[in-house]
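What follows is a short report on a single structure.
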Amino acid sequence: MISPASRFSIPGTRYLGKNIYHFHSLHSSNLELLSDNNALYTSGDIVLADEQSAGIGRYKRHWVSHFGGLYFSILFEDVENLTTFYPFVILCALAVRDRIADLSASRREICLKWPNDVYADGRKISGILVQSRNTGELSRVVIGIGINLNNEIPRDRELRNPAVNLAELSGQPVDISSFFSGLILTIDSFYHDFIQGKFPDFLPRLNQHIYGKNSFFKFTAGNRVLRVRALEYTKLGHLLAEDDKGKTLSLSIGELC
Ligand code: BTN
């Protein structure tokens with residue numbers, strides 16, 4: 001077992017990040033929390049890595065995790081109902097979006113691309129991977145977030161999607177630890193609202209920043225690539241979208257996990 005370099009907390013949070021385990025280098029922060037054989041971590045704990053040797057993306061793709069980016073995962077134990085929990089992941093993406101927008105030049109368009117990506121002027125800047133394991137009736141859920149901050153974006157090979165980092169958007173290097181603590185405070189406050197049943201209050205903001213309202217975009221769902229135009233988020237955390245034949249679809253994150 002690799003040991004964390006340090007453990008710290010972020011003052012002012014209610015639920016998350018009471019214990020933040022910081023590793024200089026790790027295989028994958030999601031894997032570390034999912035396969036916690038020594039039961040070291042408890043709900044709300046966060047694993048943070050400066051770099052990952054085997055970062056995982058959606059559909060088991062490799063998530064390039066070089067030094068300079070932000071890579072962390074949050075643990076939620078004893079989740080009773082995954083379907084009702086998933087909309088919270090959309091709020092995590094909104095928190096990432098807001099934090100990026102705060103630090104970007106004002107003319108940049110920072111959007112939420114279904115299911116949980118953040119795009120800046122059409123280029124991917126962040127992705128989220130939710131993974132879960134059944135523990136009897138309950139689930140152990142890990143939300144893993146990767147954000148391009150100061151890490152170099154490979155240009156020498158074809159990326160599936162064009163990517164960008166926040167340093168380029170803001171025109172200066174990003175202070176990773178202050179970005180991280182601000183983001184955790186926001187995610188923590190969104191979590192507070194979420195467990196009070198306030199997800200619908202976020203709909204105007206979610207719908208304001210939706211990606212692909214005016215043009216069709218592609219995303220992978222199971223073994224299909226769907227081409228849709230986004231219409232709106234619903235109070236259940238679904239995305240209403242229109243396919244290229246004009247049929248309305250209701251997309252849910254649960255179908256993708
Ligand atoms: C995607 O495919 O867009 C999701 C990428 C998620 C990457 C993050 S980085 C922190 C956490 N640890 C991982 O191995 N993956 C997630």
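A quick note: this is a predicted structure, and the numbers were derived from the prediction, not measured. Positions are given from 1, in the same order as the sequence printed here. When reading the values below, keep in mind they use all heavy atoms of this one structure, side chains included, and skip hydrogens, waters and symmetry mates. Indexing begins at 1, ligand by ligand and atom by atom, following the structure's order.
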Problem - Whether Ser65 lies under 4.0 Å from ligand 1, heavy atom - result: no
Exercise for the section: Compute the shortest N/O to N/O distance between Lys124 and ligand 1 and return yes if it is under 3.5 Å, no if not. Expected result: yes
Exercise for the section: Look only at interatomic distance and state if Ser28 has a nitrogen or oxygen under 3.5 Å from any nitrogen or oxygen of ligand 1. Expected result: yes
Handout entry: N or O contact, Gly57 vs ligand 1, cut-off under 3.5 Å
Key = no
Handout entry: Contact with ligand 1 for His27, non-hydrogen, under 4.0 angstrom
Key = no
Practice task
Considering heavy atoms of the protein only, find what lies nearest to atom 5 (C) of ligand 1 and give residue, atom and distance to 0.1 Å.
Solution key: Trp63 CE3, 3.3 Å
Problem - Main-chain N/O of Thr13 paired with Lys18 side-chain donor or acceptor, under 3.5 Å - result: yes
Handout entry: Verdict with reasoning, His238 to Ser250, per side chain to side chain donor-acceptor pair (under 3.5 Å)
Key = CA-CA 6 Å; His238 293 187; Ser250 176; 3.0 Å; yes
Problem - Any side-chain heavy-atom pair of Asp121 and Val164 under 4.5 Å - result: no
Problem - Protein contact to atom 2 (O) of ligand 1 [nearest heavy atom, distance to 0.1 Å] - result: Arg58 N, 2.7 Å
Practice task
Among all protein heavy atoms, pick out the one at the shortest distance from atom 15 (N) of ligand 1; state its residue, atom name and that distance to 0.1 Å.
Solution key: Ile56 O, 2.7 Å
Problem - Closest protein heavy atom (residue, atom, distance) for atom 9 (S) of ligand 1 - result: Gln52 NE2, 3.4 Å
Practice task
Can you sort out which atoms of ligand 1 are near Gly55, meaning under 4.0 Å from one of its heavy atoms?
Solution key: 14 (O)
Problem - Per-atom contacts, ligand 1 versus Ile128 - under 4.0 Å to a heavy atom - result: 4 (C)
Problem - Short side-chain donor-acceptor distance under 3.5 Å, Glu77 and Tyr41 - result: no
Exercise for the section: Show which atoms of ligand 1 fall inside a sub-4.0 Å distance from at least one heavy-atom site of Asp117. Expected result: 3 (O)
Exercise for the section: Give a yes or no on whether the backbone of Asn30 and the side-chain of Ser73 come within a donor-acceptor separation of less than 3.5 Å. Expected result: yes
Handout entry: Ser29: numbered ligand 1 atoms lying under 4.0 Å from its heavy atoms
Key = 10 (C), 11 (C), 12 (N)
Handout entry: Trace of the side chain to side chain donor-acceptor pair (under 3.5 Å) decision for Asp50 with His22
Key = CA-CA 8 Å; Asp50 293 340; His22 176 210; 2.9 Å; yes
Practice task
May I ask you to establish whether Arg99 and Phe179 are in a cation-pi arrangement, using a distance under 6.0 Å from NZ or CZ to the six-membered ring centre and at most 45° from the ring axis?
Solution key: yes
Handout entry: Which of the ligand 1 atoms, numbered from 1, are nearer than 4.0 Å to a heavy atom of Phe72
Key = 10 (C)
Exercise for the section: Determine, using heavy atoms of Arg61 and all atoms of ligand 1, whether some pair is separated by less than 4.0 Å. Expected result: no
Practice task
State plainly whether the residues Asp36 and Arg140 are in salt-bridge range, i.e. N to O under 4.0 Å.
Solution key: yes
Handout entry: Exam field: side chain Asn38 to backbone Leu40, donor-acceptor pair closer than 3.5 Å
Key = no
Practice task
Tell me, with the steps shown, if Asp117 and Arg58 meet salt bridge (charged side-chain N to carboxylate O under 4.0 Å, His left out).
Solution key: CA-CA 11 Å; Asp117 290 347; Arg58 289 181 58 229; 5.2 Å; no
Problem - Contact partition for Ile145 relative to ligand 1, non-hydrogen atoms under 4.0 Å - result: backbone
